[in-house]
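Only one structure is covered here, and it is reproduced in the block below.
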Amino acid sequence: MSVYRRDDFAFPPARGRRGVDFHADGTFVPQLIGRGDAPSPAPSGRWDDTGRLFMPPSGPAPGGSGHIVAVSDDRLEISWEPT
């Protein structure tokens, strides 16, 4: 399971973090750790209003599918199911 926090969350120092950007059109873009620990966008996936997430089967992102396990004001939990 992956846990995501808002951009303004007070994280301790780290050498890069993964993230995900959700868009109102039903797409999302995983942010992987790229060169120099900077965020690097991966191929986009699709989400639906049931909380299911679908990634293309190839590429550096988790791939496969997933589902949202829990949501709160400052926390998002996603369980990824790799292909």
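Any value given below was found using the heavy atoms of this structure, including those in side chains, with hydrogens, waters and symmetry copies removed.
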*Under the salt bridge (charged side-chain N to carboxylate O under 4.0 Å, His left out) rule, what do Asp74 and Arg6 come out as? Steps first, then yes or no, please.*
CA-CA 6 Å; Asp74 67 345; Arg6 296 170 51 102; over 6 Å; no
*Phe11 six-ring centre to Arg5 NZ/CZ under 6.0 Å and within 45° of normal*: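 No, cation not above the ring by the 6.0 Å, 45° rule.
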_If hydrophobic clusters are built by linking Ile, Leu, Val, Met, Phe, Trp and Tyr wherever their side-chain heavy atoms come under 4.5 Å apart, do Tyr4 and Val69 end up in the same one?_
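In one cluster with Tyr4: Val69, no.
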*Linking I/L/V/M/F/W/Y whenever their side-chain heavy atoms sit closer than 4.5 Å, directly or via other members, would Leu76 and Met55 fall into one cluster?*
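Result: yes, single cluster for both.
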*More than 12 heavy atoms from other groups under 6.0 Å of CG on Asp25*: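 Atom CG in Asp25 is packed in, count exceeds 12.
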_How long is the straight-line distance from CZ of Arg18 back to CD1 of Ile33, given to the nearest 0.5 Å?_
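Interatomic distance, Ile33 CD1 to Arg18 CZ, rounded to 0.5 Å: 7.0 Å.
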*Look up atom OG in Ser79 and atom CE in Met1, then write down how far apart they are to the nearest 0.5 Å.*
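With rounding to 0.5 Å, OG (Ser79) is 6.5 Å from CE (Met1).
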Return the minimal non-hydrogen interatomic distance between [X] and [Y], and the atom names on each side.
| X | Y | result |
| --- | --- | --- |
| Gln31 | Pro39 | OE1-CB, 3.8 Å |
| Arg52 | Ser65 | NH2-OG, 3.3 Å |
| Ala42 | Val29 | O-CG1, 3.6 Å |
| Trp47 | His23 | NE1-O, 3.1 Å |
| Pro30 | Ser44 | CD-CA, 4.5 Å |

*Would you say Trp80's side chain and Leu53's backbone share a donor-acceptor pair under 3.5 angstrom?*
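Pair absent, no side-chain N/O of Trp80 close to backbone of Leu53.
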